[in-house]
Amino acid sequence: MLVSRENLKNIKSKAVELPAPSTFDLPVRILQFGTGVLLRGLPDYYVDKANKQGIFNGRILVVKSTSSNGTDEFKEQDNIYTLCIKGIEDGEQVVKYTLINALSNVLTASKDWQEILKAAENPDLDIVFSNTTEVGITLSNDSIEENPPSSFPGKLLSFLYHRFQHFDGDEQKGLVILPTELISDNATKLKKIIITLATKNQLSPAFIAWLTSANDFCNTLVDRIVPGKLTTQDKMEVENLLGYQDDLMIMAEPFSLWAIETDSERVKQKLSFAKADENIKLVPSINKFKEIKLRLLNGTHTLSTAIALWSGFETVTEAMNNKHFHQFVDNLMRLEIGPAIVNQHIEKDDTAQFSRRVIDRFSNPFLQHRWESIALNYTSKMSMRVIDLIHNWYAKNHVLPQHIALGFAAYLKFMNSQQQEQGFVQSINGKTITLQDEFAPLLHDYWIQEENVVKNVLSDDNLWGKNLTQYKGFAEAVQNFLQEINAIGVLHTIEKLNASWEETY
């Protein structure tokens, strides 16, 4: 039995949360560019959750920008799909299933553009979601007369211009635009591109004024791992449990966060779905959430990657099952990264709470996040995520950040590569890893003078934006940890470090 509106009444399983039949008749209040799993696993999930609570009472018209795969799967299932939420929450394993009924229709831009433009005439429309990948928010030379314009900003501009014309510039008919693309200041950049495109298309000053005054472009930060489709075996097991077939079924971790930057009452009123979940944050600035995620989630990943690889772990979950590694990660966040980022905007409770959730996320047995994948562009990640942490730490403390120094030492050892035909490679436990790192040749050359490698690498301000040897004791600690790793291995090194902190505390 394929899941559909008609077959909802035949679903007898108590394991899945079903939508109310009345939700099919809710008006379209959101236009969404993209059908990707992040959208379906985060904002669409939030809208569905709000509808189930009777808060938002609106559905989503989806625009599929590419013609690949078509929209048949959505049509066959009346746009319903199962979200499987699997992971660890507050230290306990969580498995939940919910049928998402937030999508009203899915249209393809290349085939249905005139129907999509017609949706601009909908008086109930309030919001735009998008996730068109990082390259989607780029300036092109679109004409809004194209059918459709080639770029996402071109399509959005054409849609907004049609709405402006239909409602004769009514200030009450502007939209709240929420891009979820994973770039900094996503809405600010999108708005600038839209205004530039409007000028290039010689659109009227009245429209450009309406564009800026009636519409709200809000920067956002999204955070949820949504791996997407289940394996064939897992999908079969879930379908047997729930009693229906679902070809759109996807999985997501329990953790979710959507921080939306706004202090506008007009925006808050339109985004009433935010009341459905405490993890939707409508705040004047999302910088706090960006910093916490960058340092405690991404920074911890980066500082742990080489340690995990040298320990022989292939996935994050496998590493977290090792008590010594688990304790190292916990200490790294609790004793060093958290204190380094606490400031007038970020409180100790903020870092403590997020750190606990990172432990849950890293420990998720349903995710197979490979350390080798996390090591892509390793040097750039180290520069972006870790270097400011070192600076912040030393601005507040006169003691050494030992966990950060150990993470840096393990990274440095990982970059001691061999040059082969396929590129620069590292061998760990008989396995060859090709380094996908633009700085691999430079680090390889530094390792030629092994006796000076720590000093030479840390003092390269072209790599790090500053000379890291200026921080008292840091270079010496990296050197000592490097020697210790070579002598007794990474796991024994972190075991010793953990024990020293247990004695201290």
So which heavy atom on [X] is nearest to which on [Y], and how close?
X: Leu389; Y: Ile341; result: CD2-CG2, 3.6 Å
X: Pro284; Y: Glu261; result: O-CG, 3.2 Å
X: Leu296; Y: Ser355; result: CD2-OG, 3.5 Å
X: Tyr394; Y: Pro401; result: OH-CD, 3.5 Å
X: Leu18; Y: Leu99; result: CD2-CD1, 3.4 Å
X: Asn467; Y: Asp461; result: N-CB, 4.1 Å

[Y] side chain reached by [X] side chain, heavy atoms, under 4.5 Å:
X: Phe24; Y: Ile80; result: yes
X: Thr188; Y: Phe217; result: no
X: Tyr378; Y: Gln436; result: no
X: Ile60; Y: Asn79; result: no
X: Pro148; Y: Ile116; result: no
X: Asn201; Y: Tyr161; result: no
X: Lys86; Y: Tyr97; result: yes
X: Leu125; Y: Leu61; result: no

Short side-chain to backbone donor-acceptor contact, [X] and [Y], under 3.5 Å:
X: Asp78; Y: Ser4; value: no
X: Ser158; Y: Gly154; value: no
X: Thr212; Y: Ala209; value: yes
X: Asp246; Y: Tyr81; value: no
X: Gln368; Y: Thr315; value: no
X: Thr220; Y: Ile260; value: no
X: Thr108; Y: Ser110; value: no
X: Ser130; Y: Thr132; value: no

Supply the atom-to-atom distance [X] [atom1] to [Y] [atom2], rounded to the nearest 0.5 angstrom.
X: Arg356; Y: Asp360; atom1: CZ; atom2: CG; answer: 9.5 Å
X: Thr305; Y: Ile374; atom1: OG1; atom2: CD1; answer: 5.0 Å
X: Ser151; Y: Leu156; atom1: OG; atom2: CG; answer: 9.5 Å
X: Ile85; Y: Phe366; atom1: CD1; atom2: CZ; answer: 12.5 Å
X: Leu257; Y: Lys281; atom1: CG; atom2: NZ; answer: 7.0 Å
X: Leu190; Y: Phe152; atom1: CG; atom2: CZ; answer: 5.0 Å

Aromatic plane relationship, Tyr46 with Trp258 - under 30° parallel, 30 to 60° tilted, over 60° perpendicular: parallel
Whether Phe164 and Phe207 hold their rings parallel, tilted or perpendicular, with breakpoints at 30° and 60°: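 Because their plane-to-plane angle is over 60°, the rings of Phe164 and Phe207 count as perpendicular.
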Does one side chain, of [X] or [Y], offer a donor that lies under 3.5 Å from an acceptor on the other?
X: Thr379; Y: Tyr411; answer: yes
X: Asn141; Y: Lys200; answer: yes
X: Arg59; Y: Asn101; answer: yes

Centroid separation Phe362 to His369 less than 6.0 Å: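 Aromatic pair excluded; centres sit 6.0 Å or further apart.
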[X] atom [atom1]: more than 12 heavy-atom contacts under 6.0 Å:
X: Lys14; atom1: NZ; result: no
X: Lys75; atom1: NZ; result: yes
X: Lys9; atom1: NZ; result: yes
X: Glu347; atom1: CD; result: no
X: His162; atom1: NE2; result: yes

For Ala20, all residues meeting side chain to side chain contact (heavy atoms under 4.5 Å, CB included), sequence neighbours excluded: Ser22, Thr23
Residue that, paired with Glu291, satisfies salt bridge (charged side-chain N to carboxylate O under 4.0 Å, His left out) out of Arg295, Lys288, Lys293: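 It is Arg295; the other options fail the test.
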Taking [X] first and then [Y], would you say they form a salt bridge - that is, a charged N and a carboxylate O separated by under 4.0 Å?
X: Lys192; Y: Asp185; value: no
X: Lys52; Y: Asp48; value: yes
X: Lys118; Y: Glu115; value: no
X: Asp247; Y: Lys235; value: yes

Residues Asn279, Arg224; criterion side chain to side chain contact (heavy atoms under 4.5 Å, CB included); working and verdict: CA-CA 11 Å; Asn279 296 308; Arg224 188 177 217 179; over 6 Å; no
Derivation of the side chain to side chain contact (heavy atoms under 4.5 Å, CB included) call for Val63 and Phe159: CA-CA 12 Å; Val63 177; Phe159 187 90; over 6 Å; no
Extract all donor-acceptor atom pairs below 3.5 Å that involve side chains of residues 166-179 and protein atoms in other chains or at least two apart in sequence.
| from | atom 1 | to | atom 2 | distance (Å) |
| --- | --- | --- | --- | --- |
| Asp170 | OD1 | Gln172 | N | 2.9 |
| Glu171 | OE1 | Ser213 | OG | 3.2 |
| Glu171 | OE2 | Ser213 | OG | 2.9 |

Residues Phe273, Lys49; criterion side chain to side chain contact (heavy atoms under 4.5 Å, CB included); working and verdict: CA-CA 8 Å; Phe273 63 79; Lys49 185 174 183 179; over 6 Å; no
Intermediate values then yes/no, side chain to side chain contact (heavy atoms under 4.5 Å, CB included), Lys64 and Phe74: CA-CA 11 Å; Lys64 185 176 173 62; Phe74 288 94; 5.7 Å; no
I'd like a table of donor-acceptor pairs (distance under 3.5 Å, sequence neighbours excluded) in which one partner is a side-chain atom from residues 25-43, with atom names and distances.
| from | atom 1 | to | atom 2 | distance (Å) |
| --- | --- | --- | --- | --- |
| Arg29 | NE | Asp126 | OD2 | 3.3 |
| Arg29 | NH1 | Phe56 | O | 2.7 |
| Arg29 | NH2 | Asp126 | OD2 | 2.9 |
| Gln32 | NE2 | Gly34 | O | 2.9 |
| Gln32 | NE2 | Asp44 | OD2 | 3.2 |
| Arg40 | NE | Thr35 | O | 3.3 |
| Arg40 | NH1 | Leu248 | O | 3.0 |

Salt bridge (charged side-chain N to carboxylate O under 4.0 Å, His left out) assessment of Asp223 paired with Arg361: CA-CA 11 Å; Asp223 187 7; Arg361 299 173 77 182; 2.7 Å; yes
